[in-house]
Amino acid sequence: LSADQKTIQAILSAYKSYVESTPLPKIGLVIDYEKGKISNVSSILSEIISIGGNVILSKQLCSTNGLKLHEKSTTTSIVLGSVTINLPRLAFESNKDETYFRARLALLMKPALASMTLRKKDISDLIRLGVNPILANNTQYMQRCSVSLVVNLIGLREVVYGILGFSNDKEGNAILCKVIETAVDVASKKGKEFGVNVIVCMTESDGSNRFFALDAEKYGKNTIREFIEEESYSEGNILNAAEVAKLTIKSDKIIQYNKIAQLLNGGILTQLKIEKGTKIPEIKKAIEKASNLVTSFKPVMKIPICGNCSFKDEKLAEKCPQCKSPYII
């Protein structure tokens, strides 16, 4: 946001046009507000979010799913392989013992990182041999870029506040941070041993729903539902736009969120959940307030879309006003 304002407005305007004409936008926008004012762009950002735009706001270099990238430089940053760890399954297998759980997490990560390192080497060798012509065109590509391996933690809150039996208080928060510290410590030591950069994060994963389904099948749905509200495990943090106005930088929830963000060297996805039908001025206020509380957040708002003609509008209900189709997604 510290760049030329005309350029910024042109980019945002073009992205808004893209989102308006695209049912499910795949291209995302990362807004770096470390050296700029959110208030200068919050109005158009609110409009983009209200029509289903994929936007994340951050004070650090990150991807559209909150993954922290390397420090800002001209060096290419590439993620070459990731693994998502099902923490609830690990907790069940640890007889709900916190110390045993952390020990099993450390033991599980070591062979996983070893196999990921071998995979990275194999891919690098194939690129150098020219098997992948696009990457091989630049012979120094793998030497110049910074390659990272990613470990993603899924369901940590369900583990600490549910399966392991801790309350959502000071003691429970300390245990949650201890689990993250264990993962980061193992990743750092093994990364140095294997000569690779390993980062630990808490972000969204395609495996969250699948993990839930597998665990529900093994341990029973009623057992799993004691600890969760939805049909998937938690991915990162969630802030509700309605409650943001009441929070301050000194609120316990915000202090914990920021502490977790500092511990994770790979970043965390904090979703700012906006209720369906929220008006643009309210979205604007929520964005501006959240930018003062956390260092990175992604506004998320569900937009109804006609599955027949792709028309999208917050007023879509039982039938599409344009094509009269009842297929609304």
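Just so you know, residue 1 is the first one in the sequence shown, and it goes up from there. The figures that follow rest on heavy atoms only: side chains count, while hydrogens, waters and symmetry mates do not. Every value quoted in this text rests on a predicted model; they were computed, and no experiment measured them.
Taking a cutoff of 4.0 Å between a charged side-chain nitrogen and a carboxylate oxygen, Glu193 and Lys189 do not qualify as a salt bridge.
Of the possible polar contacts, one joining the Thr278 side chain to the Glu275 backbone as a donor-acceptor pair under 3.5 Å is found. In this structure, the side chain of Asn240 does not engage the main chain of Glu243 through any donor-acceptor pair within 3.5 Å. Remark: side-chain polar atoms of Ser58 are not paired, donor with acceptor, to backbone N or O of Cys62 under 3.5 angstrom. A donor-acceptor distance shorter than 3.5 angstrom exists from the side chain of Ser46 to the backbone of Lys284, with no hydrogens or angles considered. Side-chain atoms of Lys178 do not come within 3.5 Å of backbone N or O of Arg102 as any donor-acceptor pair. The main-chain N or O of Thr248 is found under 3.5 Å from a side-chain atom of Ser251 such that the two form a donor-acceptor pair. Of the possible polar contacts, none joining the Tyr257 side chain to the Thr270 backbone as a donor-acceptor pair under 3.5 Å is found. Looking only at distances, a side-chain donor or acceptor of Thr117 sits under 3.5 Å from a matching main-chain atom of Leu113. Distance alone, capped at 3.5 Å, is enough to place a donor-acceptor pair between the Lys298 side chain and the Thr64 backbone. No side-chain donor-acceptor contact under 3.5 Å links Asn95 to the backbone of Asp97.
There is no path of hydrophobic side-chain contacts, each under 4.5 Å, that joins Val150 to Val30. One hydrophobic cluster, built from ILVMFWY side chains closer than 4.5 Å, holds both Tyr18 and Leu45. Under a hydrophobic-cluster definition in which Ile, Leu, Val, Met, Phe, Trp and Tyr are linked whenever side-chain heavy atoms come within less than 4.5 Å, directly or via other members, Ile31 and Ile280 are assigned to different clusters. Residues Leu156 and Leu269 do not share a hydrophobic cluster, clusters being chains of Ile/Leu/Val/Met/Phe/Trp/Tyr side chains in contact below 4.5 Å. Each of Ile274 and Ile56 belongs to its own hydrophobic cluster when Ile, Leu, Val, Met, Phe, Trp and Tyr are linked at side-chain heavy-atom distances under 4.5 angstrom.
Environment of CG in Asp206: sparse, with no more than 12 heavy atoms of neighbouring residues, nucleotides or ligands closer than 6.0 Å. Other residues, nucleotides and ligands contribute at most 12 non-hydrogen atoms within 6.0 Å of the CD atom of Glu217. With a 6.0 Å radius and a threshold of 12 heavy atoms from other residues, nucleotides or ligands, Asp122 has its CG atom above the threshold. Heavy atoms of other residues, nucleotides or ligands lying less than 6.0 angstrom from OH of Tyr219 number more than 12. More than 12 heavy-atom neighbours from other residues, nucleotides or ligands sit within 6.0 angstrom of NZ on Lys253.
What you find for Leu107 and Pro111 is that their closest heavy atoms are O-CD, 2.9 Å. Taking each heavy atom of Leu105 and Ala183 in turn, the nearest pair found is CD2-CB, 4.2 Å. The two residues Thr84 and Ser205 make their nearest non-hydrogen contact at OG1-OG, 3.4 Å. Taking both residues in full, the closest heavy atoms of Ser50 and Ile283 are given as CB-CD1, 4.0 Å, listed atom of the first, atom of the second, then distance. When every heavy atom of Cys201 is checked against every heavy atom of Gly266, the shortest pair comes out as CB-O, 3.5 Å. The shortest heavy-atom contact between Gly52 and Val19 is C-CG1, 4.0 Å.
If you check the side chains of Asn65 and Glu204, you find no donor sitting under 3.5 Å from an acceptor. With no hydrogens or angles considered, a side-chain donor-acceptor pair links Glu158 and Ser234 at under 3.5 Å. A donor-acceptor contact closer than 3.5 angstrom links the side chains of Tyr233 and Asp215. No hydrogens or angles considered: nothing links the side chains of Asn152 and Thr203 as a donor-acceptor pair under 3.5 Å.
Between atom CD1 of residue Ile224 and atom CZ of residue Arg89 there is a gap of 8.5 Å, rounded to the nearest 0.5 Å. We find the CD1-NZ distance between Ile287 and Lys289 to be 14.0 Å, quoted to the nearest 0.5 Å. To the nearest 0.5 Å, atom OG of residue Ser296 and atom CG of residue Asp32 are 10.0 Å apart. The OG atom of Ser188 sits 7.5 Å away from the CG atom of Asn265 when rounded to the nearest 0.5 Å. Atom NZ of Lys120 is separated from atom CG of Asp125 by 9.5 Å, given to the nearest 0.5 angstrom. Going from atom OG of Ser13 over to atom CD1 of Ile48 covers 8.5 Å, rounded to the nearest 0.5 Å.
Annotation: side chain of Leu239 is not in contact with side chain of Gln271 (no heavy-atom distance under 4.5 Å). Two residues are said to be in side-chain contact when any heavy atoms from C-beta on lie closer than 4.5 Å; Ile180 and Met202 meet this criterion. Counting heavy atoms from C-beta on, the side chains of Lys190 and Lys110 come closer than 4.5 Å. At a threshold of 4.5 Å between non-hydrogen side-chain atoms, the residues Ile254 and Lys250 do not count as touching. With a 4.5 Å cut-off on side-chain heavy atoms, Leu149 and Asn197 do not count as touching. Between Leu108 and Leu90, the closest side-chain pair of non-hydrogen atoms falls below 4.5 Å. The side-chain heavy atoms of Asn54 and Leu29, taken from C-beta on, include no pair separated by under 4.5 Å. Between Val300 and Leu272 the shortest side-chain heavy-atom distance does not fall below 4.5 Å.
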Subject >> Verdict with reasoning, Ile8 to Asp4, per side chain to side chain contact (heavy atoms under 4.5 Å, CB included) >> reply: CA-CA 6 Å; Ile8 292 171; Asp4 178 59; over 6 Å; no
**OP:** In sequence, state the C-alpha distance, the side-chain angles, and the governing distance for Glu235 and Ile154, and then conclude on side chain to side chain contact (heavy atoms under 4.5 Å, CB included).
**Re:** CA-CA 6 Å; Glu235 302 169 313; Ile154 286 286; 3.6 Å; yes
**OP:** Apply side chain to side chain contact (heavy atoms under 4.5 Å, CB included) to the pair Lys68 and Gln60, showing each step before the final yes or no.
**Re:** CA-CA 7 Å; Lys68 191 189 296 182; Gln60 58 198 11; 3.7 Å; yes
**OP:** Could you walk me through whether Ile303 and Met301 pass side chain to side chain contact (heavy atoms under 4.5 Å, CB included), step by step?
**Re:** CA-CA 6 Å; Ile303 310 296; Met301 183 176 176; 4.0 Å; yes
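For the side chain to side chain contact (heavy atoms under 4.5 Å, CB included) criterion with Val200, the lone passing option out of Ile268, Ile85, Leu153 is Leu153. The side chain to side chain contact (heavy atoms under 4.5 Å, CB included) test with Asn258 is passed by exactly one of Ile249, Leu293, Leu263, Asn237: Ile249.
Remark: aromatic rings of Tyr161 and Phe166 are distant, center separation not under 6.0 Å.
Aromatic ring orientation, Phe92 versus Phe227: tilted (interplanar angle from 30° to 60°).
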